[in-house]
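Worksheet for the structure shown next.
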Amino acid sequence: METLCSAVVFPSFKIRTSQFSKCGSIRASLAIEQQTSQTKVALLRIGTRGSPLALAQAFETRDKLMASHPELAVEGAIQIVIIKTTGDKILSQPLADIGGKGLFTKEIDEALINGDIDIAVHSMKDVPTYLPDKTILPCNLLREDVRDAFISLSAASLADLPSGSIVGTASLRRKSQILHRYPSLNVEENFRGNVQTRLRKLSEGVVQATLLALAGLKRLNMTENVTSILSIDDMLPAVAQGAIGIACRSNDDRMAEYLASLNHAETKLAVSCERSFLETLEGSCRTPIAGYCSRNVDGNCLFRGLVASPDGTSVLETSRVGPYVAEDMIQMGKDAGEELLSRAGPGFSVAST
């Protein structure tokens, strides 16, 4: 486990005014853009969820488009459109209880298909393995750090938490891996909300610790809240964690060209490998599944996959090594998924429900 500093201290969380000011400035900028759009017809409309993290990802996309295409750098050329999804509306239940696929993408995809937006910016880990008809996803931006961050006011790591401590996470993947390694801990599943909300709940003592994606904390400039970083060996990430995906309509060649100019080929290959694994398992938010593809020291693809029971009592892992080439990587993900399905057997359900 990698710590962020040599001496561990436990101050109150630094959810600073400047962080909220940043969120405020994002929304202020958004308001200005929306006002501008009333007098100008935008050349490109970006659809996104409205959380601070989702907006940060949308603005990252906007800035890259403006830097690459002068016509999009003109004031009012790009409009950001906030769309509330099912996952945003229902906060009182664990994600696994809500069920279904596309909890954080369906409404955005519908707006794309209906022509209300031109491109859709998603966290790739939220994107179902089957894209809606009439859409394509030709672009993944450069991937951020895939690891999970441990955050606590009272402990330096999961191992340091006293027996019976409560860890808050809405992720069954995190829950199963935590309980597999530390069965004496308790997990609060319905620990939902944006990053700021979860940190506030933690500071109020609702839980003793939480895990958050380091990628999101970096994009929000909130890494000072991190107590330590979990290694890939300690916590295998979610499929496509840390990656941003951008979709457009399949018949919109102009948008497809814009997005192709932003695509990071190595990230897209890794995400394709991981999603092939997930598709083979037919995984849903009810199933603890983890998968991560990276380059090894020889430059080849190293894929690691995991399925588990929600209580962490059973964890199955596998890995593959092969050429860092699209066809081979997609096949590796598929083979790994088929292996775990075979090993799991009929009594170990990883099917979507």
Side-chain angles (χ1 to χ4, degrees), residues 1-2 94-96 101 123-129 143 145-150 157-159 167 169-183 185 187 189 210-215 229-243 267 269-296 300-322 329-353:
M1 181 174 295
E2 174 188 334
L95 291 174
K101 294 190 176 183
S123 292
M124 274 305 299
K125 66 182 179 63
D126 294 333
V127 178
T129 53
R143 196 174 199 173
D145 198 316
V146 303
R147 295 173 297 174
D148 283 316
F150 173 81
S157 66
L158 285 167
V167 181
T169 177
S171 163
L172 289 183
R173 169 189 65 87
R174 291 182 179 124
K175 174 187 175 181
S176 63
Q177 292 185 76
I178 290 170
L179 294 179
H180 182 66
R181 291 178 176 273
Y182 307 101
L185 298 179
V187 175
E189 287 183 39
T210 189
L211 302 184
L212 296 173
L214 184 59
I229 300 172
L230 280 70
S231 71
I232 299 298
D233 291 333
D234 288 333
M235 182 64 63
L236 198 63
V239 164
Q241 183 158 309
T267 296
L269 287 174
V271 167
S272 296
C273 174
E274 295 166 19
R275 284 169 58 81
S276 174
F277 171 71
L278 182 64
E279 181 179 354
T280 302
L281 290 170
E282 298 182 347
S284 75
C285 58
R286 293 178 179 269
T287 310
I289 296 174
Y292 177 51
C293 174
S294 61
R295 281 190 187 270
N296 64 13
N300 289 321
C301 168
L302 169 61
F303 174 77
R304 298 174 60 179
L306 174 153
V307 296
S309 59
D311 62 3
T313 55
S314 180
V315 174
L316 302 176
E317 299 183 68
T318 190
S319 63
R320 295 287 188 281
V321 177
M329 294 169 71
I330 291 171
Q331 188 61 45
M332 277 191 279
K334 181 179 179 181
D335 288 346
E338 289 175 345
E339 178 199 327
L340 292 187
L341 279 175
S342 175
R343 287 170 55 191
F348 192 110
S349 175
V350 294
S352 166
T353 57

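One-based numbering along the sequence shown.
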Using modelled atom types and a 3.5 Å cut-off, is there a donor and acceptor pairing between side-chain atoms of [X] and backbone atoms of [Y]?
X	Y	result
S171	R173	yes
S276	S272	no
R143	Q241	yes
S314	S309	no
R343	E317	yes
T129	E279	no

In the structure I gave you, are the side-chain heavy atoms of [X] and [Y] within less than 4.5 Å of one another anywhere?
X	Y	result
M235	R147	no
I229	D145	no
E339	R320	yes
T287	V307	no

Original post:
What residue pairs, at least two apart or across chains, pass salt bridge (charged side-chain N to carboxylate O under 4.0 Å, His left out) with a residue in residues 305-316?
Top reply: none
Atom pair [atom1]/[atom2] of [X] and [Y] - distance to nearest 0.5 Å:
X	Y	atom1	atom2	answer
T169	I178	OG1	CD1	6.0 Å
E274	R304	CD	CZ	12.0 Å
H180	T313	NE2	OG1	9.0 Å
L302	M329	CG	CE	10.5 Å
L230	L236	CG	CG	11.5 Å
Q331	C273	CD	SG	10.5 Å

What are the two closest heavy atoms between [X] and [Y], and how far apart are they?
X	Y	result
P310	K175	O-CE, 3.6 Å
A336	F303	CB-CE2, 3.6 Å
L185	L179	O-CD2, 3.3 Å
Y182	L158	CE1-CB, 3.6 Å
L306	F277	N-CZ, 3.7 Å
A213	R174	N-NH2, 3.3 Å

Subject >> side-chain hydrogen bond (donor to acceptor under 3.5 Å, both in side chains) partners for N296, two or more places apart >> reply: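 side-chain hydrogen bond (donor to acceptor under 3.5 Å, both in side chains) check on N296 returns nothing, list empty.
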Residues forming a salt bridge (Lys or Arg N to Asp or Glu O under 4.0 Å) with [X], sequence neighbours excluded:
X	answer
R275	none
D335	none
K125	none

**OP:** Under the side chain to side chain contact (heavy atoms under 4.5 Å, CB included) rule, collect the residues that match up with R181, sequence neighbours excluded.
**Re:**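 R181 satisfies side chain to side chain contact (heavy atoms under 4.5 Å, CB included) with D234 once adjacent residues are dropped.
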**OP:** Evaluate the side chain to side chain contact (heavy atoms under 4.5 Å, CB included) criterion for residues E189 and L172: first the C-alpha distance (whole Å), next the side-chain angles of each, then the deciding distance (0.1 Å), finally the verdict.
**Re:** CA-CA 8 Å; E189 287 183 39; L172 289 183; 3.9 Å; yes
**OP:** Show your reasoning for whether side chain to side chain contact (heavy atoms under 4.5 Å, CB included) applies to I232 and V146.
**Re:** CA-CA 8 Å; I232 299 298; V146 303; 3.7 Å; yes
